[in-house]
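I have placed the structure first, in the form of structure tokens, so that the comments after it can refer back to it.
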Amino acid sequence: MPINGVPIACPNCGAALPDERVDQPRLGRCEICGRAVRVVTFPLLRVGYVPGRAGESLQADGEASCFYHPHKRAAVPCDACGRFLCSLCDVELGRRHLCPACVEAELCGPRAPDAAPSSGVPGRRFLYDSLALTLAVWPLLIWPTTLVTAPMAVFVALRHWRSAGGVIARTKARMTAALALAGVQLAGWAVLLYRWIY
Amino acid sequence: MPDAHATTTTAYRRLPGRQWLRMTGRQRLYLGPDHILVVETHYMSEECVRFYFRDIHAITVVRTGGWAAWNVVLATAAALVALLALAASGGLAIFVWAVAGVFAAALVANLLPGPTCSCRIRTVVSERRLSAVERLRQADRLIAILHPLIEAAQATPP
């Protein structure tokens, strides 16, 4: 079905889909590849959007615009936060396209939640609760190493106890489990050392 | 002292789709006030990408053959091990029956959620696979939730 001159392609083989295969409530079979497909389109597609180049200005209402320059046409999404960027705001780091805020976050550490625009979701987070649990569990396979890793697990868990631990709120279950397991290991070492000395 | 790493205060609701933990990580989907939040956990780090309703072009779903293939593999394995169990006796028979039971349970666990699919979300400048949506039923539920929201967001001028 050509929308604004652009045919809707089968998501599997790329062949143009006939009208009756688009925006249907059920799967339909692509006549070329035979795969059952469903394509749900939205009004924005009917605008016939083409990504902008070199900070192009918007040509029509409804076109996707740059997050930082509402009058410039979006050219690429930020690989970290997903915001749309015009060519002026697109910062290429290696193979990644980042917005200035995410570049700053990568260089200077994560930003405070109130400093982030829009919904305030930072792009990438380190999960200290997973680190603490890893330090408490995996070294058990080579148990003598727990003499070093158990205190590390306790330190990480206590140091980052108040860290949220993720973009979406996570429970303290991993931190608690890490503390409990590391505590048992430390108690075991204490008993072992006591018996060895006395 | 408030932590600089504090969790966002935006209210998110979990969307259909749950991916089993894999070596490559796990993806979860959340519904925000004006966007979909895709959260990918790679063991010790977490990345998130937002897809604003006003930027979404299309959602595509392709049925994949994983469901049928796994059904054949698991059913064959369960049948073969059950045949071995019939030939065995004593304690060995109990063990082999238990193995056949594991294959049968895996078959049921794969059978019940229904056919598998590949779901993708397309914006004006990007496309991303929603790997959390692995089953057609999940994709149908996801589209049923998102469709009116995206239509409403794009019907009103920014």
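Values below: all heavy atoms of this structure, side chains included; hydrogens, waters and symmetry mates excluded. Below, chains carry the letters A, B, ... as their sequence lines are ordered, and counting in each starts from 1.
Of the listed residues (Ile143(B), Val61(B), Leu146(B)), the one with the most heavy-atom contacts under 4.5 Å to chain A is Val61(B). For the set Arg38(A), Arg35(A), Arg26(A), the entry with the most heavy-atom pairs within less than 4.5 Å of chain B is Arg38(A). For the set Cys10(A), Pro77(A), Pro25(A), Ser130(A), the entry with the most heavy-atom pairs within less than 4.5 Å of chain B is Pro77(A). The candidate with the highest count of non-hydrogen atom pairs below 4.5 Å against chain A, out of Val38(B), Ile56(B), Val62(B), Thr64(B), is Val62(B).
Using bins of under 30°, 30° to 60° and over 60° for the plane-to-plane angle, the ring pair His160(A)/Tyr128(A) lands in the parallel bin. Using the six-membered ring where Trp is involved, Tyr52(B) and His35(B) have ring planes that are tilted, between 30° and 60° apart.
Put simply, Leu131(A) and Val148(A) are part of the same group of oily side chains (I, L, V, M, F, W, Y) that touch within less than 4.5 Å, one to the next.
Both the backbone and the side chain of Ile59(B) have a heavy atom closer than 4.5 Å to some heavy atom of chain A.
Judged by the 6.0 Å distance and 45° axis criteria, Arg159(A) is not positioned over the aromatic ring of Phe155(A).
With respect to Glu40(B), the salt bridge (Lys or Arg N to Asp or Glu O under 4.0 Å) criterion is satisfied by exactly one of Arg26(B), Arg128(B), Arg129(B): Arg128(B).
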